[in-house]
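The block underneath contains the structure these notes are about, expressed in structure tokens.
Chain naming here is simple, since letters A, B, ... match the order of the sequence lines and numbering starts at 1 in each.
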Amino acid sequence: MAGGPNFIEEIVAADLAAGKHAAIVTRFPPEPNGYLHIGHAKSICLNFGLAAKFGGRTHLRFDDTNPLKEEQEYIDAIKRDVRWLGFDWGEHEYYASDYFERLYAWAEQLIRQGQAYVCDCTAEEVRAQRGTLTEPGVPCAHRERSVEENLHLFQRMRAGEFPDGARTLRAKIDMAHGNVNMRDPVMYRILHAPHPHAGSAWCIYPTYDWAHGQSDSIEGITHSICTLEFEAHRPLYDWFLDALGIYHPRQIEFARLNLTYTVMSKRRLLELVRDGVVRGWDDPRMPTISGLRRRGYTPEAIRAFAERIGVAKRDSVVDVALLEHCLREDLNARAPRRFAVLRPVLLILDNYPEGLVEQFEVPNNPEDPSSGTRLVPFSRELWIEAEDVREVPPPKYWRLFPGNEVRLRSAYLVRCTGVVKDATGAIVAVHATYDPASRGGSAPDGRRVRATLHWLSRAHAVPAEVRLYDHLFTVPDPDAVAGAEWRSLLNPRSEEVLTTCWVEAALAGATVGEFFQFERLGYFTVDPDSGGDRLVFNRSVTLKDAWAKEAAKHAP
RNA sequence: UGGGGAGUCGUCCAACGGCUAGGACACGUGACUCUGGAUCACGGUAUCGGGGUUCGAAUCCCUGCUCCCCAGCCA
């Protein structure tokens with residue numbers, strides 16, 4: 001179904017076959033500087049999936065080396081999202097900041113070995129000395145300091161004797177290296193800032209490059225899986241590990257996920273949240289895990305998606321339609337069906353007895369007979385969908401129009417006798433007659449109708465707000481647009497709030513996160529804005545709509 | 001340009017020198033249908049270019065081209 005094993009699974013299988021490890025250890029290492037998104041979900045599924053498939057465990061480690069950008073809120077959100085996705089790291093919750101003392105001692109070791117030095121250059125000077133992609137860098141005067149002086153200075157850095165940015169600790173590698181990452185990279189910077197996990201214990205913080213490889217080594221990670229941009233850093237991690245003489249995890253890089261019609265960069269997502277472009281990190285239009293959850297995505301659908309997109313090394317952009325497909329596939333099988341009318345128009349059955357209320361038995365899910373049926377009240381005045389009525393039908397339109405007969409799902413066949421319009425020409429009510437012999441939805445003479453409509457008894461329906469969503473951006477690849485331009489690509493119609501909707505009374509007690517299929521409309525879930533007698537639904541994804549395609553063909 | 005990667009249907013992934021280059025999504029056509037849903041059937045389109053090795057190349061070699069990443073005291 002999903003093809004063969006991906007290249008990482010092949011590597012792991014080969015390592016295991018070669019007897020390199022008794023069991024594998026992988027890790028998911030987020031920086032708590034934002035919320036997790038669907039791209040992280042790919043990594044989470046990959047790492048936890050590997051351990052589950054080959055036997056082993058997966059650590060959750062926060063790579064919290066930059067206190068300026070990290071917050072406890074993000075740590076909490078990340079844990080919540082990983083758990084919700086269905087993964088359990090057990091007791092293996094780690095923080096790079098818990099390794100700070102060890103990292104500090106290792107830094108001293110490198111200094112003693114003559115492989116690290118304290119540098120007094122400013123950031124600008126360091127940049128100037130680094131050279132360019134084609135020209136080698138040049139060493140600065142501090143590069144040749146004595147071990148004693150370096151040790152002393154480094155200790156004073158830790159003691160807080162210098163202001164932010166005054167000095168750094170740098171690895172002494174090769175200022176002329178073809179790989180610029182090897183031109184004496186910074187290992188420590190002075191940052192007088194509290195840390196969300198380490199508190200105020202430190203005023204010098206290790207860089208990611210200095211912390212990451214050793215953190216993996218400390219944890220005995222066998223396969224350290226990361227994204228492509230770290231490929232050029234691997235030689236540096238190897239250099240550190242070799243210099244320290246400690247265990248080498250095997251790093252494997254894969255291509256990060258990109259999705260059409262959305263952005264995945266944390267910086268841009270943060271900007272959308274801060275500027276109030278969206279309702280927050282969990283806005284249903286966001287590609288964040290929490291946004292997808294609020295939108296109505298299920299962990300099952302996201303996991304299936306992660307499985308189907310595969311894992312490879314080439315840059316790619318996955319069609320968001322595949323994500324939507326995975327959700328439909330999951331929900332089609334298990335979402336209870338309900339009736340909801342989003343843009344109501346009154347349907348009056350002129351020959352139906354006033355005051356009569358019938359109860360019709362409607363299947364909860366035709367895909368799953370075990371889900372049973374429910375009773376839905378029916379009466380003379382009903383709400384139906386505005387788009388299910390036309391005064392003049394376009395080509396291939398076979399819903400309600402004067403003279404045409406349709407079925408009201410599980411109820412009766414009705415024939416339209418006329419429409420009522422307001423001053424603007426909009427249809428506000430429809431008149432029809434019903435065929436009492438078609439009770440239950442089919443006629444004794446076996447005559448067929450092309451359309452089946454959903455409906456709600458006016459006297460029994462309950463009001464609700466429904467939010468419809470569309471792509472956040474108008475173009476398939478907004479992430480490819482550089483500069484501030486990307487903002488102009490936001491879809492002004494990505495959210496549409498409908499406040500005059502009606503739903504089945506059975507939906508009144510629905511709880512946040514419960515999902516349903518509103519027949520003929522799509523899959524919907526209860527939004528957390530619901531409460532008391534206020535009901536708010538989010539449309540998770542539409543049903544596939546053959547009529548919409550047909551209509552588009554005849555559109556102007 | 002220095003270093004590091006990557007090029008296969010519209011998209012994503014597979015094919016690991018050997019059937020007509022496969023699957024999924026998307027798209028199109030039809031069947032069926034008490035959701036214009038679901039389901040089913042059918043269909044089209046791909047090996048970056050040029051050489052070479054071989055009985056045989058998407059796969060190996062040479063060469064060219066294109067794209068991505070790296071010049072944070074971000075990760």
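- A distance of about 33 Å separates the P atoms of B/rA6 and B/rG44, rounded to the whole Å.
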Show me the protein contacts with nucleotides 71-75 of chain B, counting only N or O atoms at under 3.5 Å.
{"unit_1": "B/rA71", "atom_1": "O3'", "unit_2": "A/Arg130", "atom_2": "NH2", "d": "3.4"}
{"unit_1": "B/rA71", "atom_1": "O2'", "unit_2": "A/Arg130", "atom_2": "NE", "d": "3.2"}
{"unit_1": "B/rG72", "atom_1": "OP2", "unit_2": "A/Arg130", "atom_2": "NH2", "d": "2.9"}
{"unit_1": "B/rC73", "atom_1": "OP1", "unit_2": "A/Arg130", "atom_2": "NH2", "d": "3.3"}
{"unit_1": "B/rC73", "atom_1": "OP2", "unit_2": "A/Arg130", "atom_2": "NH1", "d": "3.2"}
{"unit_1": "B/rC73", "atom_1": "N4", "unit_2": "A/Cys121", "atom_2": "O", "d": "2.7"}
{"unit_1": "B/rC73", "atom_1": "N4", "unit_2": "A/Ala123", "atom_2": "N", "d": "3.3"}
{"unit_1": "B/rC73", "atom_1": "N4", "unit_2": "A/Gly165", "atom_2": "O", "d": "3.3"}
{"unit_1": "B/rC74", "atom_1": "OP2", "unit_2": "A/Arg189", "atom_2": "NE", "d": "3.0"}
{"unit_1": "B/rC74", "atom_1": "OP2", "unit_2": "A/Arg189", "atom_2": "NH2", "d": "2.7"}
{"unit_1": "B/rC74", "atom_1": "O3'", "unit_2": "A/Arg189", "atom_2": "NH2", "d": "3.2"}
{"unit_1": "B/rC74", "atom_1": "O2'", "unit_2": "A/Asn66", "atom_2": "ND2", "d": "3.1"}
{"unit_1": "B/rA75", "atom_1": "OP1", "unit_2": "A/Thr65", "atom_2": "OG1", "d": "2.6"}
{"unit_1": "B/rA75", "atom_1": "OP1", "unit_2": "A/Arg189", "atom_2": "NH1", "d": "3.4"}
{"unit_1": "B/rA75", "atom_1": "OP1", "unit_2": "A/Arg189", "atom_2": "NH2", "d": "2.9"}
{"unit_1": "B/rA75", "atom_1": "OP2", "unit_2": "A/Tyr208", "atom_2": "N", "d": "2.9"}
{"unit_1": "B/rA75", "atom_1": "N6", "unit_2": "A/His233", "atom_2": "NE2", "d": "3.3"}

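- With sequence neighbours left out, the side-chain hydrogen bond (donor to acceptor under 3.5 Å, both in side chains) criterion links A/Ser371 to no other residue.
- Regarding contacts with the backbone of B/rG28, a side-chain N or O of A/Lys549 is found under 4.0 angstrom from either OP1 or OP2.
- Using P as the reference atom, B/rU1 and B/rU66 are 8 Å apart when rounded to the nearest Å.
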Symbol by symbol from the 5' end, with Watson-Crick or G-U pairs under 3.5 Å, [ ] crossing and | another strand, RNA chain B is .((((((..((((....[...)))).(((((.......)))))....(((((..]....))))))))))).....
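- For the pair A/Asp315 CG and B/rU11 P, the interatomic distance rounds to 14 Å; values are reported in whole Å.
- Remark: A/Arg158 is positioned above the aromatic ring of A/Tyr104, its terminal NZ or CZ atom under 6.0 angstrom from the ring centre and at most 45 degrees off the axis.
- Taking the centre of each ring, A/Phe524 and A/Phe518 come in below the 6.0 Å mark.
- Within the nucleic acid shown, A/Glu519 comes within 4.0 Å of at least one base atom, counting heavy atoms only.
- Legend: residues meeting side-chain hydrogen bond (donor to acceptor under 3.5 Å, both in side chains) with A/Glu135, ordered by chain and number and at least two apart, are absent.
- For the pair A/Asp319 CG and B/rC13 C1', the computed distance is 14 Å after rounding to whole Å.
- Evaluation of the side-chain contact (heavy atoms from CB on, under 4.5 Å) rule for A/Asn33 yields A/Glu31, A/Lys69, A/Glu70, A/Lys266 as partners, not counting sequence neighbours.
- Here, B/rG4 and B/rU8 have their P atoms 22 Å apart, quoted to the whole Å.
- Taking atom CG of residue A/Asn6 and atom P of nucleotide B/rA15, one finds them 10 Å apart after rounding to whole Å.
- Here the separation of B/rA58 from B/rG22, taken at their P atoms, is 13 Å to the nearest Å.
- Screening A/Gln214, A/His59, A/Arg27 for a side-chain hydrogen bond (donor to acceptor under 3.5 Å, both in side chains) involving A/Glu219 leaves a single residue, A/His59.
- As rounded to whole Å, 18 Å separates atom P of B/rG3 from atom CG of A/Leu236.
- Taking atom P in both B/rG50 and B/rC68, the straight-line distance is 24 Å, to the nearest Å.
- Residue pairs meeting the salt bridge (Lys or Arg N to Asp or Glu O under 4.0 Å) criterion with at least one partner in residues 160-170 of chain A, sequence neighbours excluded, are A/Asp120-A/Arg167, A/Arg156-A/Glu161.
- Base orientation of B/rG7: anti, the glycosidic angle falling outside 90° of 0.
- Listed pair A/His325 / B/rC25 meets the phosphate criterion, a side-chain N or O lying under 4.0 Å from OP1 or OP2.
- Taking A/Asp184 as the reference, A/Tyr117, A/Arg143 meet the side-chain hydrogen bond (donor to acceptor under 3.5 Å, both in side chains) condition, with sequence neighbours excluded.
- Going from atom CG of A/Leu327 over to atom P of B/rC25 covers 15 Å, rounded to whole Å.
- Aromatic rings of A/Tyr412 and A/Phe360 (six-membered ring for Trp) have centroids within the 6.0 Å cut-off, being under it.
- Looking at residues 407-414 of chain A, you'll see A/Arg407, A/Arg409, A/Ser410 sit with a heavy atom under 4.0 Å from some atom of RNA chain B.
- Applying the side-chain contact (heavy atoms from CB on, under 4.5 Å) test to A/Ala386 and every residue at least two apart in sequence or in another chain returns A/Arg343, A/Val345.
- Between the side chain of A/Lys42 and the backbone N or O of A/Ala255, at least one donor-acceptor pair lies under 3.5 Å.
- Taking atom CZ of residue A/Arg308 and atom C1' of nucleotide B/rC13, one finds them 12 Å apart after rounding to whole Å.
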A correct 5'-to-3' footprint of nucleotides 36-45 of chain B, with B, S and - meaning base, sugar-phosphate only and no protein heavy atom under 4.0 Å, is BBS-------
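- Listed candidates were B/rC13, B/rG3, B/rA24. Nearest to the side chain of A/Ala232 is B/rG3.
- Screening A/Asp388, A/Asn404, A/Thr452 for a side-chain hydrogen bond (donor to acceptor under 3.5 Å, both in side chains) involving A/Arg399 leaves a single residue, A/Asp388.
- Per the geometry, CD1 belonging to A/Ile309 stands 15 Å off C1' belonging to B/rA14, to the nearest Å.
- Under the 3.5 Å distance criterion, the side-chain polar atoms of A/Thr227 are left unmatched by any main-chain donor or acceptor of A/Glu229.
- For the pair A/Arg374 and A/Phe339, the cation sits on the ring face: its NZ or CZ lies under 6.0 Å from the ring centre, inside 45° of the axis.
- Nucleic acid contact for A/Arg256: none, since no nucleic acid atom lies under 4.0 Å from a heavy atom of the residue.
- B/rG7 and B/rG64 are spaced 14 Å apart, taking the C1' atom of each and rounding to whole Å.
- Comparing B/rG30 with B/rG37, their P atoms are spaced 13 Å from each other, to the whole Å.
- For A/Arg314 and B/rU8, the shortest distance from a side-chain N or O to OP1 or OP2 is below 4.0 Å.
- Among the heavy atoms of the strands lying under 4.0 Å from A/Val311 are primed sugar atoms or P, OP1, OP2 only; no base atom is included.
- For the P atom pair drawn from B/rU29 and B/rA38, the interatomic distance equals 15 Å after rounding to whole Å.
- Distance CD (A/Glu307) to C1' (B/rG23): 13 Å, rounded to an integer number of Å.
- Not counting sequence neighbours, the partners of A/Glu9 by the side-chain contact (heavy atoms from CB on, under 4.5 Å) test are A/Pro5, A/Asn6, A/Leu50, A/Lys53, A/Phe54.
- Considering only residues two or more places apart in sequence or on other chains, A/Phe162 meets the ring pair (Phe, Tyr, Trp, His ring centres under 6.0 Å) condition with none of them.
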